There are 2 protein chains.
Amino acid sequence: MATATGKRAYHHGNLPAALVDAALELIGENGVQGFSVAGAARRTGVSISAPYRHFADRDELLAACAVAACEELQRRFAAAVAAAGSPGEQLASGSAAYVRFAAERRSMFEALFGAGLDKAKYPQLQEAVAAVIETVLGPARALAPKGDEEAAAVLLEAMTGLAQGHATLLLDGRYGEDQPGVDLACERVAAATRALVRGRSLLFSPPAAG
Amino acid sequence: MATATGKRAYHHGNLPAALVDAALELIGENGVQGFSVAGAARRTGVSISAPYRHFADRDELLAACAVAACEELQRRFAAAVAAAGSPGEQLASGSAAYVRFAAERRSMFEALFGAGLDKAKYPQLQEAVAAVIETVLGPARALAPKGDEEAAAVLLEAMTGLAQGHATLLLDGRYGEDQPGVDLACERVAAATRALVRGRSLLFSPPAAG
DNA sequence: GTCTATATCCCGATAGAC
DNA sequence: GTCTATCGGGATATAGAC
């Protein structure tokens, strides 16, 4: 662990991965704003110009960080889905995993959403995002009307939005800064997902509420 | 409109407000990252040092932008709540208003969440945030078990999270970049809020899902 | 593939005049 | 309250040697 790739052959062997790891560390310490190519190079122990052999510019390095984030998130999603029983519980534990990911891998979460990247410019990132979505599409399908692919997408979107929002609020300090806050946020988002699942028929057609 | 304060007496009369407006414009164009005190000064037509008579540093100017954002959001929340009938519809239209706010006042939304401000350091901002929350707490209270203030808070939190998430996904380009995407996101978040409201009993106690 | 050196630019913040 | 001038710092990105 601790590296984004798992490989271990820095300093003349895997500079790109080393730069990604360094960049993520910097983002974790100072936010996306405080990250710079120069800083990542310094931390990796190479010259300021070395990164430009591997990444065209700052944004490309950031995009690589975002891809690493997708891979980690996908891993966590897959584990959460596998551990739960019913489709509803799979979605609930998936949203909790998402919030926990934001808390435990804050730098990755920020690289993914706080960088303001134009994702259309990075096909590899687009693919990685699509792969993440696919991982949690299964339970959503099981909860939607049979064969209604759009309904599944809408449900997943609602669940994603819920998790995204709770993660943002958590990182914004709304649950406090320490571990109990993280656990609380995870419980809350899981409960909210269950509520969403229970009321889901309202997602598939547009009538009124109580 | 167009100004954050409504007042109109810039260039020797209301420089702080002018700087806030300029800062928001810059954030809208280049993101929070691309904003600078120097840039805001330039755009306002004053010297680079003038802002420092009114704001101690960059973050203080950003905090003022965030306060302006809270005021605008509160206005919209109040209108949305007033326009809807049942408490459930009030929450639904409130979350839609939140998403629309993010789309139409993107720079304000970013100032509020993308700036990474330590809000504890800016009491005025804390107050403004609290006032926003109070505006939508009414309908949440009406939907919670009678007198259960915590349940109301939890429901509101879920609704806020949902709206926050949809707003983030919208700004991330997940609904496309144009107006139909905005409308779609608003409809979706309203529908999801209704689903949440319908299933809300699961928010107030922790059993399993379907 | 990496280094040294450099060109170019912008920023935050302060000092002191008016 | 605003301006001019300035210090000190750091960033991106490129050129050319090895």
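The sequence lines fix the lettering, A, B, ..., with proteins before strands; numbering per chain opens at 1. A quick note: this is a predicted structure, and the numbers were derived from the prediction, not measured.
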- Item | Parallel, tilted or perpendicular, as decided by the 30° and 60° cut-offs, for the rings of B:Tyr98 and B:Phe109 |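 Rings of B:Phe109 and B:Tyr98: perpendicular, as their planes differ by over 60°.
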Quickly work out the [X] [atom1] to [N] [atom2] distance and round it to whole Å.
X       : N      : atom1 : atom2 : value
B:Leu19 : C:dG12 : CG    : P     : 12 Å
A:Ile48 : C:dT6  : CD1   : P     : 14 Å
B:Tyr52 : C:dA13 : OH    : P     : 4 Å
A:Leu61 : D:dA13 : CG    : C1'   : 14 Å
B:Gln33 : D:dG10 : CD    : P     : 19 Å
B:Leu26 : C:dC10 : CG    : P     : 14 Å
B:Asp57 : C:dC11 : CG    : P     : 16 Å

- For the side chain of B:Ser36, starting at C-beta, report the closest nucleotide among C:dA13, C:dC11, D:dT2.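 So the side chain of B:Ser36 is nearest to C:dC11.
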- Message: Counting only side-chain heavy atoms from C-beta out, which of D:dA11, C:dT2, D:dT2 sits nearest to A:Leu15?
- Response: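 Closest of the options to the side chain of A:Leu15: C:dT2.
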By the 4.0 Å heavy-atom rule, please label [X] as base, sugar-phosphate, or nothing.
X       : value
B:Ser47 : base
B:Ser49 : base
B:Arg58 : sugar-phosphate

- Task: With the side chain counted from C-beta on, respond yes when A:Phe113 and B:Thr168 share a heavy-atom pair under 4.5 Å apart, and no when they do not.
- Result: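 Yes - at least one pair of side-chain heavy atoms lies under 4.5 Å apart.
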- Task: State, yes or no, whether a side-chain contact exists between A:Glu134 and A:Gln74 at a heavy-atom distance under 4.5 Å.
- Result: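 Answer no - side chains too far apart.
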- Does one side chain, of B:Tyr52 or B:Glu60, offer a donor that lies under 3.5 Å from an acceptor on the other?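 The answer is no; no qualifying pair exists.
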- Query: So, is B:Arg53 near the phosphate of C:dA13, with a side-chain N or O under 4.0 Å from OP1 or OP2?
  - Reply: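 Negative; the distance criterion is not met.
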